[in-house]
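To start, the structure under review is shown below, and the notes come after it.
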Amino acid sequence: MIRNYLKIAWRNLLRNKGFSLINIAGLAIGMASAILILLWIQNEISYDQFHTKKDRLYVMYNRSVFDGKLWCWQSTPKIMGPTMKMSYSQVEETSRINQATFLFTVGEKHLTVRGAFTDPGFLTMFSFPLINGDSKTALKNTQTVVITEKLSKKLFGNDNAMGKTVKIDSNAYFTVTGVMKDQPNNTRFQDFEYFMPWSYMKKIGWDENNWGNNSVQTYVLLKPGVTETAANKAFLNITRTHSDIKDIDQFVHPISKWRLYSKFENGKITGGRIEIVRLFSVIAIFILLIACINFMNLSTARSEKRAREVGIRKVVGAQKGSLVGQFLGESIIISLISGIIALVVVQLSLKGFNALTDKELFIPYSSLFFWLISLGFVLFTGIVAGSYPAFYLSSYRPVKVLKGTFKAAHALVTPRKVLVILQFTFAIALIICTIIIQRQINHAQQRDLGYNKNNLAYVFMTGEVEKHYTAIKNEMLASNAVTAVTKTSAPMTEGWSDSWDYSWKGKNTTEKLDFDIYNTDGDFVKTMGLKLVTGRDIDLKAFPSDSTAMILNEAAVKTMGFKNAIGQIVKGQGRDWHVVGVIKDFILSSPYEPVKQMVIQGPSGWFNVIHFKLNDNASTENNLKKIEAVFKKYNPDYPFEYNFIDEAYSKKFRDEQRIGTLAALFAGLTIVISCLGLFALAAYMAENRIKEIGVRKVLGASVSGLAVLLSKDFLKLVLISFAIASPIAWWAMHKWLQDYTYRVSISWWIFAITGIISMAIAVATVSFQALRAARANPVKNLRTE
Amino acid sequence: MIKITDLQKYYRTEEVETVALNNVSLEVKEGEFVAIMGPSGCGKSTLLNILGLLDDPDEGSYLFNDIEVAKFNERKRSDLRKHNIGFVFQSFNLIDELTVYENVELPLIYTKVSATERKKRVEEVLEKMQIMHRRNHFPQQLSGGQQQRVAVARAVVNNPKLILADEPTGNLDSSNGNEVMQLLTELNEAGTTIVMVTHSEHDSRYTHRIIRMLDGQTVTENILV
């Protein structure tokens with residue numbers, strides 16, 4: 001019996017090639033999309049879930065009130081970790097992470113490598129196994145380093161790295177005491193290529209015991225049996241107990257929530273990436289559902305043809321159950337073929353999808369679990385897609401279908417219409433969302449960022465650069481490759497530092513106000529192309545007292561309440577700064593948020609970065625060549641690595657652009673699948689109404705009139721979908737935009753355009769069939785009875 | 001074998017109720033070959049469908065081999081049908097996607113006959129119907145007469161006690177029609193009871209008895225043999 005079903009299913013597929021193609025293509029696209037999204041979701045929810053001690057691992061958080069709101073943040077004082085390990089019985093182990101990028105040199109190989117300083121406990125707390133070396137002792141000694149397999153390959157090729165020496169920066173030599181298995185693609189630590197012991201930080205004077213300086217992450221392994229609640233109770237007052245800072249709480253954040261639940265609002269977790277995971281899950285389900293709907297629609301549309309078969313089978317003895325089985329079997333076969341095609345499609349598109357989502361997803365072919373899930377997925381899809389046709393078709397009364405009194409077109413109208421509406425509602429909603437997301441991105445991109453990012457570049461100060469800064473600056477200017485140079489604390493696109501430790505005349509002392517901090521040695525306004533409102537740039541040559549000069553942005557002037565800011569004294573960071581200028585606000589971090597109050601401190605601050613404005617009148621290539629020569633002269637050991645501010649700035653839109661591209665992609669796919677279905681439906685509709693068309697034509701109907709008649713019904717469905725989709729899309733986007741202070745308004749014309757586009761697509765899809773049917777010779781049509 | 005008494009069947013739409021069968025009573029004995037005749041719409045096909053358990057009567061009694069089947073549910077009817085009744089239709093009703101062999105095999109599959117037994121019986125009956133050489137063809141590749149022979153083969157492959165034929169020659173030319181009537185006669189002579197709906201006086205002459213119907217009622221019976 002099963003063989004008979006398979007045979008019929010297979011021959012049906014071959015006989016109706018167009019139908020099969022549309023069905024399988026639609027289902028395969030839907031399944032491929034769903035698989036890609038599922039791989040992505042699987043990666044997201046598995047983040048850091050592979051650590052064997054995950055039930056006891058936490059990261060420390062601080063919580064305090066600023067600007068009237070409760071804020072939570074994850075950077076802690078360096079001293080917190082050791083203090084907890086020593087004084088709190090709930091703690092089994094702690095380790096801190098302080099990111100650092102160094103130049104690694106082995107022989108003639110120079111590599112800039114990102115990694116971290118950490119405590120020896122790190123390798124035993126987390127499950128990052130060493131291929132060579134002992135996790136317990138690898139970071140015990142000061143000048144040792146644990147490197148990843150990948151870095152080992154880069155530095156030593158296929159040689160065993162253990163015991164070999166690596167030069168770090170220009171002056172320190174480290175022994176490799178461990179080679180770590182490369183981190184999987186689902187951990188927050190995956191960017192680190194090396195780990196160095198904290199004791200080295202101590203040795204070079206980077207460690208300190210200041211409870212007010214929050215600059216590293218502190219990870220805690222609790223003793224077995226200690227609950228989160230108990231830990232929070234015990235840790236609430238760590239800072240209060242050990243320092244004179246009295247207004248900061250501590251709490252732990254469990255490893256299970258790091259990835260997906262890390263958005264805090266007013267001290268409470270309100271979500272995080274889980275929202276995107278949920279959104280994508282919904283999209284995956286809908287795309288698959290839409291593909292299944294195609295299958296249901298096409299199968300039931302063909303019911304008139306299949307009905308006879310059902311009738312005959314029933315007459316010769318088939319019972320409903322066996323027919324349900326047969327039709328389900330057919331849809332499972334189609335689902336299986338689609339599944340195989342989908343897997344190929346996924347494999348082919350994975351690279352692009354990875355680039356789009358910034359991930360390294362792969363299909364786990366060797367995992368039994370994966371194949372079981374896939375089989376379940378195929379069965380599920382086959383059953384969902386096949387259930388309605390199966391139960392519908394198998395319920396025919398043989399008397400009716402065999403005597404020809406059966407008319408499928410009328411009997412089926414309602415459910416099929418509902419399914420088409422469902423498809424187009426989703427497609428139209430996605431189109432509207434795509435347009436709004438794109439507009440929001442454009443809106444933010446067009447926002448005046450307050451400085452001139454063109455031809456503005458920066459380098460990090462490495463090696464000898466700091467020592468020779470004046471000479472480098474002068475030679476760059478003399479070479480005419482640049483028109484201005486300034487030394488700063490951070491790249492222009494990143495806020496690295498902030499503090500509430502500022503006071504001025506007239507400050508309300510009970511209020512805690514947080515300022516962004518930026519440092520410059522001078523020529524700041526000139527280099528960046530900022531707009532001065534009053535006063536002047538910082539210029540140590542012309543004004544020797546400018547080593548403690550300060551520039552404020554307009555937001556800071558407003559916060560501080562200065563009527564005339566110039567000449568005011570602002571105390572902070574252990575100095576008395578005098579204000580020499582006020583600039584218009586510029587965007588430091590998020591282009592979607594209002595600019596925060598900011599202090600720009602003069603040459604007494606600290607510095608990490610050199611910014612320079614390239615000469616607009618020479619080619620960038622030539623300019624960079626000259627600049628490189630200068631850096632090579634003073635800092636020969638280090639590669640010359642530069643960054644352009646406009647590129648760095650455009651990265652701020654990456655997340656939104658990613659969501660925008662994905663929304664566009666899924667909208668496109670949904671439209672394609674829906675239209676495939678619509679196309680086939682229109683074909684069957686034309687077939688079913690062939691006699692009507694013939695009669696109408698004989699009575700004098702025109703081709704265009706008939707085409708309109710045949711298309712009208714479908715357009716009505718699309719219109720209804722549009723009416724349902726619009727408020728849904730509006731609501732979703734309204735909610736999404738609430739996350740952005742600087743946001744676009746949702747205007748009516750977006751909906752109008754989407755309405756027109758979707759109608760046009762539907763017309764294009766349906767009219768082909770409608771015209772073909774209307775053009776046919778009526779005599780031929782009428783003979784078909 | 002068949003005894004129906006005061007059978008009633010209505011068709012209802014929203015506005016009209018049509019009486020398809022009005023107090024029909026008749027009996028068919030085992031081994032008989034009966035023709036039902038009458039103008040279009042007189043209820044003969046409805047009667048045949050009820051006899052074949054494809055449709056159920058609204059009122060009245062239907063004894064099939066002395067068992068009351070008028071109120072049987074779908075499952076029981078299907079069971080009775082597949083073991084006892086074979087159908088031949090005017091439009092052949094073969095499944096286009098199956099070959100001649102597979103079409104004939106179908107009833108045996110549903111009655112769970114073993115594969116070797118199936119092969120034997122299908123080949124036997126194809127031989128008998130003289131279409132063995134067409135066993136691997138699909139229905140569209142055959143002439144009308146050949147298709148109807150396949151349909152008859154399918155109807156008899158399960159050795160049913162009763163064959164119901166609904167205008168079996170309606171779509172055939174006269175020579176093919178005669179061939180099919182010859183086949184049915186042979187089957188009847190071998191012991192199968194046959195009830196046939198027909199418009200053709202010529203075909204009715206092959207039968208033992210003609211039941212004439214008009215407006216849902218039996219009007220006359222002519223006994224030919």
Side-chain angles (χ1 to χ4, degrees), chain A residues 1-17 19-20 299 302-327 329-330 333-334 391 393-407 410-411 784-785, chain B residues 9 11 13 20 45-46 48-50 52-56 73-99 101-113 115 118 138-140 151 154-158 160 164 166-167 197:
Chain A
M1 185 124 46
I2 300 273
R3 258 187 59 203
N4 185 276
Y5 291 164
L6 288 179
K7 221 176 330 191
I8 284 250
W10 184 245
R11 287 184 192 155
N12 256 321
L13 279 181
L14 289 184
R15 180 144 315 173
N16 305 287
K17 289 200 181 69
F19 163 83
S20 309
S299 305
R302 292 173 67 246
S303 53
E304 209 157 344
K305 204 158 169 294
R306 294 307 293 274
R308 213 170 62 91
E309 181 193 329
V310 172
I312 298 166
R313 283 184 182 272
K314 281 200 169 174
V315 166
V316 300
Q319 261 151 8
K320 191 171 171 170
S322 69
L323 288 169
V324 169
Q326 177 190 343
F327 287 117
E330 278 183 30
I333 289 178
I334 291 189
F391 284 98
L393 289 170
S394 61
S395 64
Y396 290 148
R397 304 273 314 259
V399 183
K400 288 203 173 139
V401 294
L402 293 179
K403 293 304 280 184
T405 48
F406 171 82
K407 271 277 167 262
H410 300 294
T784 57
E785 278 294 290
Chain B
K9 179 77 187 173
Y11 289 116
T13 61
S45 289
T46 306
L48 197 74
N49 287 335
I50 291 175
L53 297 165
L54 293 174
D55 210 349
D56 43 358
N73 64 20
E74 171 73 34
R75 190 178 190 85
K76 278 178 148 173
R77 279 193 287 170
S78 159
D79 243 19
L80 189 72
R81 195 164 60 216
K82 66 183 173 194
H83 288 109
N84 296 291
I85 307 175
F87 290 85
V88 179
F89 299 93
Q90 175 180 356
S91 51
F92 324 135
N93 280 332
L94 300 171
I95 295 180
D96 295 338
E97 283 75 19
L98 296 181
T99 62
Y101 182 94
E102 289 158 355
N103 264 294
V104 176
E105 187 188 22
L106 206 55
L108 299 177
I109 291 175
Y110 285 120
T111 44
K112 304 205 162 63
V113 175
R118 283 207 303 265
F138 286 95
Q140 300 96 308
R154 185 180 62 187
V156 301
V157 71
N158 240 344
L164 299 174
D166 193 350
E167 300 196 38
V197 163

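So that the names make sense, note that chain A is the first sequence line, chain B the second, and so on, each numbered from 1.
- The contact between B/R81 and chain A is made entirely by side chain atoms (from C-beta outward), counting heavy-atom distances below 4.5 Å.
- B/S78 meets the side-chain hydrogen bond (donor to acceptor under 3.5 Å, both in side chains) test with A/Q319; sequence neighbours excluded.
- Residue B/N158 does not touch chain A at all, counting heavy-atom pairs closer than 4.5 Å.
- Using a 4.5 Å cut-off between heavy atoms, B/I85 does not touch chain A at all.
- For a residue to count as touching a neighbouring chain, one of its non-hydrogen atoms must lie under 4.5 Å from one of that chain's; by this rule B/N103 does not touch chain A.
- The minimum heavy-atom distance linking B/T99 with A/R11 is given by the pair N-NH1, 3.8 Å.
- Heavy atoms closer than 4.5 Å to chain A are found in the side chain of B/F138, but not in its backbone.
- With sequence neighbours excluded, the residues that form a side chain to side chain contact (heavy atoms under 4.5 Å, CB included) with B/E105 are B/Y101, B/E102, B/I109, B/R118, B/V122.
- Between atom CD1 of residue B/I95 and atom CD1 of residue A/I312 there is a gap of 5.0 Å, rounded to the nearest 0.5 Å.
- In plain terms, the two heavy atoms of B/L98 and A/R313 that are nearest each other are CD1-NH2, 4.2 Å.
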